[in-house]
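We count residues from 1, following the sequence as given.
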Amino acid sequence: MNLIFLCMLLMSGTDNSYQKAETQASLALSSHHEYADTTVYCEGKMKSVVLRDSMINKRGGIGTEYNYPIYKYETEITYYKDNSIAAIEKKEIHLKRYADSGVTTGIQITTTLDPAGTFYFDEERRPVTHKEILQIEAKICKEK
């Protein structure tokens with residue numbers, strides 16, 4: 001099974017962006033994650049799969065007390081009704097603690113999109129922008 005995914009990954013260098021997105025989605029879905037949830041919305045016309053993982057003190061980082069900083073990794077894969085990919089968004093969420101005299105006074109949350117792991121497609125599997133995918137989703141959700 002892993003050999004198939006390795007072959008898909010190697011072949012993706014010559015494929016178009018939709019095929020790369022399919023490969024990334026397959027790899028993400030086949031891996032173990034701390035949290036996974038699926039939501040069907042727009043009266044069954046769209047489906048979203050959210051995969052989340054977290055890590056205390058990212059590699060090469062220096063740890064601090066109370067186990068901060070925390071890095072969360074989130075992959076959201078959105079599908080159209082025909083199970084074609086509408087969007088893949090990979091994000092890194094960094095939580096940083098603020099303290100005053102050893103007391104936590106707040107948490108700064110910074111989210112960074114991974115441009116190499118983020119794709120948006122229309123219903124014909126053509127690449128679109130984030131703004132365009134939001135417009136397509138709004139249109140699909142309004143249709144009866």
Evaluate the side-chain hydrogen bond (donor to acceptor under 3.5 Å, both in side chains) criterion for residues S48 and E76: first the C-alpha distance (whole Å), next the side-chain angles of each, then the deciding distance (0.1 Å), finally the verdict. CA-CA 7 Å; S48 179; E76 183 173 356; 2.8 Å; yes
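To the nearest 0.5 Å, atom NZ of residue K139 and atom SG of residue C141 are 12.0 Å apart. We find the OH-CZ distance between Y18 and F119 to be 11.5 Å, quoted to the nearest 0.5 Å. Here the CD atom belonging to E123 is positioned 6.5 Å from the CD1 atom belonging to I136, to the nearest 0.5 angstrom. Atom CD of E137 and atom CD of E132 lie 14.0 Å apart (nearest 0.5 Å). Once rounded to the nearest 0.5 Å, the distance linking CD of Q24 with OG1 of T118 reads 8.0 Å. Residue I133 holds its CD1 atom at 7.5 Å from OG1 of T78, rounded to the nearest 0.5 Å.
Contact check for K72 versus L95: side-chain heavy atoms found under the 4.5 Å cut-off. Looking at heavy atoms from C-beta onward, I93 lies out of side-chain contact with T110 at the 4.5 angstrom threshold. Side chains of I85 and E22 form a contact here, defined as non-hydrogen atoms less than 4.5 Å apart. Counting only heavy atoms from C-beta outward, the side chains of D114 and E92 never approach each other to under 4.5 Å. By the 4.5 Å heavy-atom criterion applied to side chains, Y80 and I140 are counted as neighbours. Looking at heavy atoms from C-beta onward, K90 lies out of side-chain contact with E74 at the 4.5 angstrom threshold. Using a 4.5 Å heavy-atom cutoff, the side chains of H94 and T111 are not in contact.
Although no hydrogens or angles enter the test, the distance criterion places a donor-acceptor pair under 3.5 Å between the side chain of S30 and the main chain of L27. D100 places no side-chain N or O within 3.5 Å of a backbone atom of V103 that could act as its donor or acceptor partner. T75 places no side-chain N or O within donor-acceptor distance of the main-chain N or O of L51, the cut-off being under 3.5 Å.
Residues M46 and V49 do not share a hydrophobic cluster, clusters being chains of Ile/Leu/Val/Met/Phe/Trp/Tyr side chains in contact below 4.5 Å. Side-chain heavy atoms closer than 4.5 Å link hydrophobic residues (I, L, V, M, F, W, Y) into clusters, and following such links, even through other members, never connects L113 to F121. A continuous path of Ile, Leu, Val, Met, Phe, Trp and Tyr side chains, each step under 4.5 Å between heavy atoms, connects L29 with I88, placing both in one hydrophobic cluster.
Taking S54 as the reference, E34 meet the side-chain hydrogen bond (donor to acceptor under 3.5 Å, both in side chains) condition, with sequence neighbours excluded. Partners of Y120 by ring-ring contact (aromatic ring centres under 6.0 Å, His included), not counting sequence neighbours, listed by chain and number: H130.
Pairs of residues two or more places apart, or lying in two chains, never qualify as disulfide bond (SG atoms under 2.5 Å apart) while including a residue from residues 77-108.
The two residues H33 and A28 come nearest to each other via the heavy atoms NE2-O, 2.7 Å.
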